[in-house]
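Working notes, structure below.
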Amino acid sequence: MGRRRKPKAKTYELTIESLSHEGRGIAHLDEKVIFVSGALPGETVIADRSFSRAKFEEADVKEVIKAADNRITPKCAVFGICGGCSFQHLSSEDQISAKGEWLKDAFLGQAKVEPEQWLAPLQVQNWGYRRKARLGVRYVAKKEKVLVGFREKKSGWITNMSRCEVLHPSLGDNLEVLAEAIGKLSIKSQVPQIEVAVAEHNTVLILRHLEPLNEQDEQVLRDCAKELAVTFYTQSGGEDTVKPLDQSAVLTYSHPDHDIEMEFLPTDFTQVNFKLNQKMINLALELLDLNEDDEVIDLFCGLGNFTLPMAKYAKHVVGVEGDMGLIERAKYNAEQNKIGNADFYKADLFKEVEGFEWFRGKTYNKALIDPARSGAIEIVELLPKLGVNHLVYVSCNPATLARDTAKLIELGYKLKTAGVMDMFPQTAHVESIALFIK
């Protein structure tokens, strides 16, 4: 795939007609669709072209001539430059409303159906929620300064930012302190990124470095760790090289309503928004309407985020996941929480699975699916063979949820309820949940 060539400079006045599914304003000019970052429906804006093709162009707002009534002032000083957020010029209520419309459009466009009932949107906290992130790092020699932050929009450059409003405050309030510490390293020009994992009681920063750290470098990191109350890990190569600088940290999050504590590694996938995750778990349990006779299967189970809470209310739950490390942690968490009616299996759910022990000759009356953005079309087609008549589908991509919904309807399932969940406020990311009954 070739690099995007910078188009010839062009500035135009546009009237914004609607909002795209990526949160950009949509306008038309000279029989072309123009996608305008930072613009809202009903606005008149001056925009600079940033990309051009035969049938569409992309542009960035330079000036708002006529603002929409629902435009608000972004909280972040680098909004519009930083690629981490795209929606701070809309209120949280308007953001979630737009996401609900995108989900509705996806259902109608691909599955030709709406749920019998729309769920009320799930929202919790709008700022300081993000507990997982990958931050870029760059030493700018001319300014003798280290930058730490998200990358700029449509650019590989690191945003010059002193704080981040969506990152958990343990780090979001301290980017300058972290940048100053990295600036003291002998290999400051050889540190390309930092992985962030914030648990309920600990924060881990995984420092990726392309050259070895010396003893003085390690002491700089220890001093920074003490000041920020964080734990540094280092990574010199692939994921297998991740190790604690000194002592490892025990990272946990909880499901307080179900008396469960989940332990995880800094490199494990976890939901970025712990408070929303708790509400999402409760909603999934409510939709599944579990009882002591239910046999449940949790596909793409990860650490057992849904599996273990479900096991508290069902007869038996099976979790299936493609990552062996996550399966091991799920088993460990089941044991630590004294949950004996949950079993976990490793399987690639995008390949043939009918021969596996958990599938062959087994039936489950209820199921939960929480796949990656690519969806779960391969496993969806097998649900009738497993006897599933009650399905909760958690999705991070309305397009693949709608595609899979069309297949589920073809298989005899009905879309009963669906709704959006604000897992990533201030961004165009859409998390959703749907209930299917057969």
Side-chain angles (χ1 to χ4, degrees), residues 83-84 130-152 155-161 164 167-168 170-172 174-199 201-253 263-270 272 302-303 321-329 332 346 372:
R130 186 163 182 170
R131 292 173 176 265
K132 293 282 284 188
R134 176 178 293 172
L135 300 178
V137 180
R138 181 169 179 259
Y139 172 60
V140 184
K142 289 183 179 180
K143 296 184 179 180
E144 296 185 348
K145 181 179 181 181
V146 170
L147 301 179
V148 177
F150 291 106
R151 299 191 182 277
E152 295 181 358
S155 165
W157 299 109
I158 309 301
T159 306
N160 187 358
M161 55 199 300
C164 177
L167 275 178
H168 188 272
S170 64
L171 185 60
N174 295 300
L175 293 180
E176 286 185 323
V177 175
L178 180 59
E180 288 172 5
I182 296 173
K184 296 176 183 177
L185 300 179
S186 66
I187 59 165
K188 54 182 173 288
S189 62
Q190 298 300 310
V191 178
Q193 69 182 39
I194 293 175
E195 294 273 357
V196 181
V198 183
H201 306 294
N202 292 297
T203 295
V204 165
L205 305 181
I206 304 175
L207 187 89
R208 178 79 170 93
H209 56 98
L210 306 180
E211 291 184 7
L213 297 159
N214 62 32
E215 290 185 8
Q216 184 177 348
D217 292 335
E218 292 180 353
Q219 188 57 50
V220 168
L221 296 180
R222 291 187 184 98
D223 292 342
C224 180
K226 185 176 181 180
E227 181 178 357
L228 297 183
V230 303
T231 300
F232 271 104
Y233 280 52
T234 62
Q235 181 181 3
S236 59
E239 191 172 308
D240 60 336
T241 66
V242 174
K243 61 181 182 179
L245 178 64
D246 293 309
Q247 295 291 323
S248 60
V250 177
L251 302 181
T252 63
Y253 67 91
E263 189 170 322
F264 64 98
L265 298 182
T267 52
D268 285 340
F269 171 82
T270 57
V272 302
L303 289 163
E321 164 64 40
D323 185 315
M324 192 62 205
L326 293 177
I327 288 294
E328 290 173 353
R329 251 89 70 206
Y332 173 81
K346 178 185 181 300

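Everything numeric in this text was worked out from a predicted model, so none of it was measured.
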Using a 3.5 Å cut-off and no angle test, enumerate the donor-acceptor pairs between side-chain atoms of residues 182-194 and protein atoms at least two apart in sequence or in another chain.
residue, atom, partner, partner atom, Å
S186, OG, N214, ND2, 3.2
S186, OG, D217, OD1, 3.3
S186, OG, D217, OD2, 2.7

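Among residues two or more places apart in sequence or in another chain, the side chain to side chain contact (heavy atoms under 4.5 Å, CB included) test is passed with D223 by Q219. By the ring-ring contact (aromatic ring centres under 6.0 Å, His included) test, Y139 is found to be paired with no residue, residues two or more places apart in sequence or in another chain being considered.
K346 contributes no side-chain N or O that, together with a main-chain N or O of E328, makes up a donor-acceptor pair within less than 3.5 Å. With N202 contributing its side chain and V198 its backbone, the two residues share no donor-acceptor pair below 3.5 Å. Judged by distance alone, with hydrogens and angles left aside, the side-chain atoms of S155 form no donor-acceptor pair with the main-chain N or O of E152 at under 3.5 Å. Judged by distance alone, with hydrogens and angles left aside, the side-chain atoms of N160 form no donor-acceptor pair with the main-chain N or O of L147 at under 3.5 Å.
Residue I158 comes nearest to G136 through the heavy atom pair CD1-CA, 3.5 Å, listed as atom of the first residue, atom of the second, then distance. Heavy-atom minimum distance, S170 versus T203: OG-OG1, 3.0 Å. What you find for A197 and L251 is that their closest heavy atoms are CB-CD1, 4.3 Å. Scanning all heavy atoms of the two residues, the minimum distance from T241 to S236 falls at OG1-N, 3.3 Å. Considering all non-hydrogen atoms of both residues, T159 and R151 come closest at OG1-C, 3.6 Å. Contact detail for L303 and F269: the closest heavy-atom pair is CD1-O, 3.8 Å.
Distance check: L221 CG to F232 CZ gives 5.0 Å after rounding to the nearest 0.5 Å. Note: L135 CG to F150 CZ = 5.0 Å, rounded to the nearest 0.5 Å. One distance of note links CD of E239 with OG1 of T267; it measures 4.5 Å at 0.5 Å rounding. A distance of 9.5 Å separates CZ in R134 from CD1 in I206, rounded to the nearest 0.5 Å. Here the SG atom belonging to C224 is positioned 7.5 Å from the CG atom belonging to L205, to the nearest 0.5 angstrom. One distance of note links CZ of F264 with OG1 of T270; it measures 4.5 Å at 0.5 Å rounding.
Two residues are said to be in side-chain contact when any heavy atoms from C-beta on lie closer than 4.5 Å; E180 and V146 fail this criterion. In this structure, V196 and K132 have side chains that are not in contact, with every pair of non-hydrogen atoms separated by 4.5 Å or more. Within the 4.5 Å cutoff, no side-chain heavy atoms of V242 are placed close to those of L265. Side-chain contact between V230 and L171: absent, with no pair of heavy atoms (C-beta onward) separated by less than 4.5 Å. The closest side-chain heavy-atom distance from L213 to E215 is not below 4.5 Å. Counting only heavy atoms from C-beta outward, the side chains of Q247 and T231 never approach each other to under 4.5 Å.
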Next item on the list: In sequence, state the C-alpha distance, the side-chain angles, and the governing distance for R208 and L210, and then conclude on side chain to side chain contact (heavy atoms under 4.5 Å, CB included).
Entry: CA-CA 7 Å; R208 178 79 170 93; L210 306 180; 3.8 Å; yes
Next item on the list: Would you sort out whether R138 and W157 count as a side chain to side chain contact (heavy atoms under 4.5 Å, CB included), showing the intermediate values?
Entry: CA-CA 8 Å; R138 181 169 179 259; W157 299 109; 2.9 Å; yes
